[in-house]
Asks: 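Okay, here's the structure, questions in a sec.
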There are 2 protein chains.
Amino acid sequence: MMKLTPQRQAILDIINASHRHWDADELARAMSDAGQSIGIATVYRGLAALESQGLIDSIQLADKKRYESADKAHHDHMVCTECGHIEEFSHQTIEQLQLAAAEEKGFTLTGHQLVMFGLCRQCNQAQGT
Amino acid sequence: MMKLTPQRQAILDIINASHRHWDADELARAMSDAGQSIGIATVYRGLAALESQGLIDSIQLADKKRYESADKAHHDHMVCTECGHIEEFSHQTIEQLQLAAAEEKGFTLTGHQLVMFGLCRQCNQAQGT
DNA sequence: TGATGTAACGATAATCGTTATCATGCTCAA
DNA sequence: TTGAGCATGATAACGATTATCGTTACATCA
């Protein structure tokens with residue numbers, strides 16, 4: 001069982017207090033800005049520890065991994081390729097169909113990640129201008 | 001319009017002649033083994049060029065990008081976290097539900113990627129032993 | 001109380017996939 | 001033939017992440 005150190009608690013608090021998807025660097029900067037500087041390696045280790053305990057969730061994007069609060073039901077993500085905005089959505093039926101598809105192939109699912117790319121509503125409109 | 005140079009043709013041939021999902025390094029090694037050595041930068045540029053022409057497809061996994069033939073209908077992937085085996089599957093209904101979910105959020109979809117993780121049939125059995 | 005063991009910390013080096021740089025080479029149209 | 005323009009390949013650079021290693025915090029036990 002991991003130790004919930006002050007640093008890890010702080011990371012967890014930051015993530016839980018927001019609706020954002022954070023990367024390691026942003027978290028280190030946020031803590032630094034709050035006067036509590038932290039080593040970047042500690043951030044990575046803390047995130048891994050928190051995630052392994054199920055205290056936070058993550059999505060792996062092409063470039064980097066981002067973390068969010070685990071205080072929500074499972075959901076997937078739409079990422080705006082223009083502004084980086086991340087929209088969440090969940091779809092019961094999609095989940096079920098995934099499970100069925102896995103079973104059909106003999107796979108025991110441990111996880112999945114569905115990421116959709118496109119333009120968000122705002123960037124759509126900006127585009128149209 | 002890009003130039004389909006001998007190097008790019010060779011990359012395309014290797015990919016099309018197989019059912020595998022290749023990364024840049026494997027392709028460079030395959031060509032080297034075949035007596036036609038190639039610079040790694042050329043591989044990356046070639047892959048990007050071929051993909052932008054729709055001649056090959058790719059999936060972005062956590063660690064690296066992998067390329068496969070575009071000679072097939074769209075499909076998604078199941079990746080075995082034990083042995084790396086990649087299984088393909090396609091599901092019309094999932095696709096449609098994704099589109100609908102995007103529309104609902106005001107997103108204009110340009111692409112998506114669904115990757116499921118788990119144990120393949122073989123690793124499942126090995127596990128049980 | 002003090003020794004000891006364990007795990008976390010933080011600075012920094014290392015790793016690894018990928019991209020940028022730059023000098024050189026090929027090809028095709030003028 | 002020339003030269004513009006793109007491709008090549010060696011290699012440096014980059015960025016996210018992980019490994020290393022000496023140090024530190026803390027709990028346990030004699």
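In what follows, chains are A, B, ... by sequence order, proteins preceding strands, each numbered from 1.
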Asks: Output the rounded distance in Å from CG (B:Leu50) to P (D:dA7).
Replies: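 Rounded to whole Å, this separation is 11 Å.
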
Asks: What is the distance from OH of B:Tyr44 to P of D:dA13, rounded to the nearest Å?
Replies: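 So the two atoms are 18 Å apart, to the nearest Å.
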
Asks: Passes side chain to side chain contact (heavy atoms under 4.5 Å, CB included), B:Met116 versus A:Gln98? Steps please.
Replies: CA-CA 8 Å; B:Met116 296 163 67; A:Gln98 283 175 26; 3.8 Å; yes

Asks: A:Gln53 CD to C:dA8 P: how many Å, rounded?
Replies: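 For the pair A:Gln53 CD and C:dA8 P, the rounded distance is 10 Å.
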
Asks: Nearest heavy atom decides the nucleotide; on that basis, is B:Arg66 or B:Arg45 closer to the 5' end of DNA chain C?
Replies: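 That would be B:Arg66.
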
Asks: Could you go through A:His112 and A:His74, starting from their C-alpha distance and side-chain angles, then the distance that decides it, and tell me whether this counts as ring pair (Phe, Tyr, Trp, His ring centres under 6.0 Å)?
Replies: CA-CA 11 Å; A:His112 74 266; A:His74 169 77; 4.8 Å; yes

Asks: Who passes side chain to side chain donor-acceptor pair (under 3.5 Å) against B:Lys64, sequence neighbours left out?
Replies: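 Per chain and number, B:Lys64 pairs via side chain to side chain donor-acceptor pair (under 3.5 Å) with B:Asp23.
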
Asks: Could you tell me how far apart A:Tyr67 (OH) and D:dA16 (P) are, to the nearest whole angstrom?
Replies: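 Rounded to whole Å, this separation is 13 Å.
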
Asks: Whole Å only: how far is the CG atom of B:Asp63 from the C1' atom of D:dT17?
Replies: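 So the two atoms are 12 Å apart, to the nearest Å.
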
Asks: I need the NZ-P distance between A:Lys3 and C:dC9, as an integer number of Å.
Replies: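 The answer, rounded to whole Å, is 9 Å.
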
Asks: Over how many whole Å does the gap from A:Gln60 atom CD to D:dT17 atom C1' extend?
Replies: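 Rounding to the nearest Å, CD of A:Gln60 and C1' of D:dT17 are 10 Å apart.
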
Asks: Within residues 6-43 of chain A, which residues have any heavy atom lying less than 4.0 Å from an atom of DNA chain D?
Replies: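 A:Ala41, in order of number.
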
Asks: Taking the six-membered ring for Trp, is the centroid-to-centroid distance between B:His77 and B:His21 below 6.0 Å?
Replies: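 Between B:His21 and B:His77, which both carry aromatic rings, the centre distance is below 6.0 Å.
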
Asks: Whether A:Lys64 contacts D:dA16 is assessed here as follows: a side-chain N or O lying under 4.0 Å from the phosphate OP1 or OP2. Is that the case?
Replies: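 It does, given that an N or O in the side chain of A:Lys64 lies less than 4.0 Å from OP1 or OP2 of D:dA16.
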
Asks: I would like to know whether A:Glu88 and B:Lys105 meet salt bridge (Lys or Arg N to Asp or Glu O under 4.0 Å); could you show each step before the answer?
Replies: CA-CA 9 Å; A:Glu88 304 171 354; B:Lys105 299 282 187 187; over 6 Å; no

Asks: The criterion is side chain to side chain donor-acceptor pair (under 3.5 Å); which residues satisfy it with A:Arg29, sequence neighbours excluded?
Replies: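 A:Asp25.
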
Asks: Grab the CG-C1' distance between A:Leu47 and D:dA16 for me, whole Å please.
Replies: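 The distance from CG of A:Leu47 to C1' of D:dA16 comes to 13 Å, rounded to the nearest Å.
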
